[in-house]
There are 2 protein chains.
Amino acid sequence: MKNTKKIFLVDDHQMFLDGLESLLNDVKTITIVGKASNGKEALELIDKSVDVVLMDISMPEIDGIEFNRLIKLKYPDINTIAISMHNDAKILDKLIRGNINGYLLKNAEKNELLEAINTVSDGDNYFSEEVKRTYQDSLFKRENTQDQAPQLSKRELEVLGEIINELTTKEIAEKLFISQHTVESHRKNMLSKLGARNTAGLVKYALENRLSN
Amino acid sequence: MKNTKKIFLVDDHQMFLDGLESLLNDVKTITIVGKASNGKEALELIDKSVDVVLMDISMPEIDGIEFNRLIKLKYPDINTIAISMHNDAKILDKLIRGNINGYLLKNAEKNELLEAINTVSDGDNYFSEEVKRTYQDSLFKRENTQDQAPQLSKRELEVLGEIINELTTKEIAEKLFISQHTVESHRKNMLSKLGARNTAGLVKYALENRLSN
DNA sequence: TAGAAAATCCCTGAAAAGGGTGATTTTGTG
DNA sequence: CACAAAATCACCCTTTTCAGGGATTTTCTA
């Protein structure tokens, strides 16, 4: 562990960026060596001298998940901490696969932030108790219900897209030049694949997984 | 205008709260007189000595819109500035109806934040150029297409909530202890209010407007 | 307190969606 | 090529949704 830690901040909200900087500037053992408001810019500015990258998850263009992957590819020794608004197991899962070193919630206190920075720059990973709990819950769920990413076929996605557009089965059939029976088949297959009970479930799935457009 | 402005911060994200505090503490003409992580707490802590309240929009229990209304009711002379992630005309509209004095985006810079604080404590309102533009665009839209914010009643929202939960009309009727006819009425009224063609449209509206839970 | 808005209930009939089952043809990949 | 997955179509039958009326009671609010 070095005496003064070199931190790089990445967040698309300037105000949060400035706030974090001001907060961390009060800490003697920490130096802010740079800031960026998006992943692309950060990738250009970060070099191997950086100790810890603090990043937001939801960013335009390159999101936190992708950004973490890229930065780890370029500089495997840099420690990365994600700061997220939501305690979301899916996101965390993807980040862990990308070898993230820490995950903090935005409602964490200053002390926790500092502890996280210290921990990861010592070469350990830092995840708050709250985050660990949600993650383990999600692992437990996965083991018991072998749901695992339901895959919709290309055609099914097309049909789903038209359902989202509020078209009826008949209209979808006409639009895709297939019979109503076929559309109904696709619809029924999707219902069973997704474990949905009706159209509402299909639409929810589509919107939650950004398959809308 | 007083020499040192008394600022109160409200945000459910501790980290943002701490960051803002640190940021504003560097400014000589500003004193942070208090912080709260939700509207309820803030309402208890704020007194008439406060000059400016800086608040987040998305907060649990009492959201920023409601909080602003309440604080203005209690202390009409306190100046309020909302800090929001999104440049959303609908939210802004509601805030303006609640006599908010300023609206900033989270990607605003420190200087803009300070300017906003100065402006509102001088008794003027502050809205960034970006925000003003979106708001005017939305006014323009409203004049041409008389869509006007479709308002769903309390009961309609309840029914919609159950539709999102994939319940059928019959099940909703049983759950809410009303007749199927009534549920159908609510459903039909929502379809026409929202200009939706079917369930898919209702679900889309609900999810897009975060009425889900 | 009068009027509006919301919530409640009812009816009919048509269209759409959903459940079950089965079969053929296309397409893609090892 | 062989096998699997995807896409296609079909039939039956039930339930749900949607469209169109109309009506009464409750609640809110100017």
Side-chain angles (χ1 to χ4, degrees), chain A residues 146-207 209 211-212, chain B residues 65-66 69-70 72-73 94 97-99 146-207 209 211-212:
Chain A
Q146 60 285 4
D147 56 358
Q148 204 57 356
Q151 291 269 56
L152 297 188
S153 75
K154 210 171 163 184
R155 201 55 158 170
E156 284 169 340
L157 285 172
E158 266 185 286
V159 171
L160 183 52
E162 300 306 336
I163 291 173
I164 301 296
N165 288 335
E166 302 178 38
L167 299 194
T168 65
T169 294
K170 193 200 267 183
E171 291 166 337
I172 297 171
E174 280 161 7
K175 186 159 181 181
L176 300 183
F177 303 106
I178 53 181
S179 105
Q180 290 188 42
H181 298 298
T182 308
V183 177
E184 271 160 17
S185 290
H186 288 314
R187 197 191 272 268
K188 281 184 271 195
N189 288 336
M190 283 191 278
L191 285 177
S192 90
K193 275 188 186 177
L194 303 177
R197 296 184 65 193
N198 48 37
T199 303
L202 296 182
V203 175
K204 260 201 302 181
Y205 172 83
L207 295 189
N209 295 281
L211 308 174
S212 33
Chain B
I65 293 165
E66 182 63 7
R69 221 180 50 77
L70 293 173
K72 284 285 187 178
L73 213 62
K94 287 183 188 162
R97 284 175 206 279
N99 295 316
Q146 58 284 8
D147 57 358
Q148 197 57 359
Q151 290 267 59
L152 296 189
S153 75
K154 208 171 163 186
R155 201 55 157 170
E156 285 170 342
L157 285 173
E158 267 185 284
V159 170
L160 183 52
E162 300 306 337
I163 291 174
I164 303 298
N165 287 335
E166 300 178 40
L167 301 193
T168 66
T169 295
K170 193 199 266 184
E171 291 166 337
I172 297 172
E174 280 162 6
K175 186 159 182 180
L176 300 183
F177 302 107
I178 52 180
S179 108
Q180 290 187 43
H181 297 298
T182 308
V183 177
E184 271 161 16
S185 290
H186 289 314
R187 201 190 207 112
K188 279 185 279 190
N189 288 335
M190 285 190 280
L191 285 177
S192 90
K193 275 187 186 178
L194 303 178
R197 298 183 65 193
N198 48 37
T199 303
L202 296 181
V203 175
K204 258 201 303 180
Y205 172 83
L207 296 188
N209 294 280
L211 308 174
S212 32

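Sequence lines set the chain letters: A, B, ... in the order given, protein chains first and strands last, and positions in each chain run from 1.
Per the geometry, CZ belonging to B/R197 stands 11 Å off C1' belonging to D/dC18, to the nearest Å. Rounding to whole angstrom units, CG of residue A/L202 and P of D/dT16 are separated by 17 Å. Here the P atom of nucleotide C/dC9 and the CD atom of B/E174 are 13 Å apart, to the nearest Å. Rounded to an integer number of Å, the gap from B/K154 NZ to D/dT29 P is 11 Å. Between the C1' atom of D/dA19 and the CE atom of B/M190 lies a distance of 16 Å, rounded to the nearest Å. Atoms CD1 (A/I163) and P (C/dA16) sit 14 Å apart, rounded to a whole Å. The interatomic distance linking A/K193 (NZ) with C/dG18 (C1') rounds to 18 Å, in whole Å. Regarding B/E162, its CD atom lies at a distance of 17 Å from the C1' atom of D/dT16, rounded to whole Å.
Taking NE2 of B/H186 as the start and CG of B/L176 as the end, the distance is 8.0 Å to the nearest 0.5 Å. Of the inter-residue distances, the one linking A/T169 atom OG1 with A/H181 atom NE2 reads 11.5 Å to the nearest 0.5 angstrom.
Among all heavy-atom pairs drawn from B/L160 and B/A206, the shortest one is CD2-CB, 3.8 Å. In terms of heavy-atom proximity, B/L207 sits nearest to A/V203 at CD1-O, 4.5 Å.
Taking the nucleotide of DNA chain C with the nearest heavy atom to each of A/L167 and B/R155, the more 5' of the two is matched to B/R155.
Checking C/dA16, C/dG18, D/dA19 against every side-chain atom of A/K170, the shortest atom distance belongs to C/dA16.
Looking at B/E166, its side chain does come within 3.5 Å of a backbone N or O of A/R197 through a donor-acceptor pair. Side chain of A/E171 to backbone of A/T168: a donor-acceptor contact under 3.5 angstrom is found.
Look at A/T199 and you'll find a side-chain N or O under 4.0 angstrom from OP1 or OP2 of C/dG18.
Salt-bridge check for A/E184 with A/R187: failed, with every basic side-chain N at 4.0 Å or more from each acidic carboxylate O.
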Using a 4.0 Å cut-off on protein heavy atoms (strictly under), produce a 5'-to-3' string for nucleotides 23-30 of chain C with B for base contact, S for backbone-only sugar-phosphate contact, and - for none. --------

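Within residues 175-189 of chain A, the residues that have a heavy atom under 4.0 Å from DNA chain C are, in order of number, A/R187, A/K188.
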